[in-house]
Amino acid sequence: MKKYLLLFPEFFIIVLSIYWFLENYRGSGYVNYIALVVFVIVTLQVFLKNKIIGIMLGSILFLFGLYMVLAVLSEFRKFSTFNSSAIQLISVGFLICFVLISSSIGMLYKSFPKNF
């Protein structure tokens, strides 16, 4: 059970990249190559377990999560009134950002040497 629990960060990021790709493709017909690259790299990381790639990927995803927090706040400021759509945007947006940041911290924790 612990083995599968330790893979949660990677699986969440894989699911998030699939959602990101499908949302862009269904919404505008745009093929999001960045989402595909994230999917491939994280999937390979699940099987290869390279510590250097894990540290780099965790760091990049942590910074991306912080950027997305700012993007959610920017979209929230565009609402002129505080209505249910604004509450939904801020709650779902922050939830996704929080889980992404937590997942990236989990990836960093697994990748750093234990005597560090």
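If you read the sequence from its start, that first residue is 1, and numbering goes on from there.
- When the side chains of ILVMFWY residues are joined at heavy-atom separations under 4.5 Å, either directly or via intervening members, Phe64 and Ile96 end up in a single hydrophobic cluster.
- The shortest side-chain heavy-atom distance between Val46 and Ile14 falls under the 4.5 Å cut-off.
- Annotation for Ser103 and Pro9: closest pair O-CB, 3.3 Å, computed over non-hydrogen atoms.
- Distance CG/Leu36 to CZ/Phe21: 4.5 Å, rounded to 0.5 Å.
- Looking at heavy atoms from C-beta onward, Val42 lies out of side-chain contact with Ser17 at the 4.5 angstrom threshold.
- Side-chain atoms of Ser111 never come within 3.5 Å of backbone atoms of Leu108 as a donor-acceptor pair (strictly under, hydrogens ignored).
- Side-chain atoms of Leu48 and Ile53, non-hydrogen and from C-beta on, never get closer than 4.5 Å to each other.
- For the atom pair CD1 (Ile41) and CG (Leu57), the distance works out to 6.5 Å, reported to the nearest 0.5 Å.
- Using a 4.5 Å cut-off between side-chain heavy atoms of Ile, Leu, Val, Met, Phe, Trp and Tyr, with links allowed through other members, Leu89 and Leu95 fall into different hydrophobic clusters.
- Under a hydrophobic-cluster definition in which Ile, Leu, Val, Met, Phe, Trp and Tyr are linked whenever side-chain heavy atoms come within less than 4.5 Å, directly or via other members, Val99 and Phe94 are assigned to different clusters.
- At least one donor-acceptor pair under 3.5 Å links the side chain of Gln45 to the backbone N or O of Asn50.
- Here the side chains of Val69 and Ile101 are in contact, with some heavy-atom distance below 4.5 Å.
- Leu22 and Val38 end up in the same hydrophobic cluster when Ile, Leu, Val, Met, Phe, Trp and Tyr side chains are linked at under 4.5 Å.
- A donor-acceptor pair under 3.5 Å is absent between the side-chain atoms of Ser74 and the main chain of Leu70, judged by distance alone.
- Remark: Leu44 CG is packed, more than 12 non-hydrogen atoms of other residues, nucleotides or ligands lying under 6.0 Å away.
- When hydrophobic clusters are built by joining Ile, Leu, Val, Met, Phe, Trp and Tyr residues whose side-chain heavy atoms come closer than 4.5 Å, directly or via intermediates, Ile55 is not grouped with Phe47.
- For the atom pair Ser104 OG and Met107 CE, the distance stands at 8.0 Å (nearest 0.5 Å).
- Atoms OH and CG, on Tyr25 and Asn32 in that order, are 13.0 Å from each other to the nearest 0.5 Å.
- Using bins of under 30°, 30° to 60° and over 60° for the plane-to-plane angle, the ring pair Phe76/Phe79 lands in the tilted bin.
- Taken to the nearest 0.5 Å, the CZ atom of Phe11 stands 15.0 Å off from the CG atom of Leu16.
- With values rounded to the nearest 0.5 angstrom, Leu73 atom CG is found 11.0 Å from Met68 atom CE.
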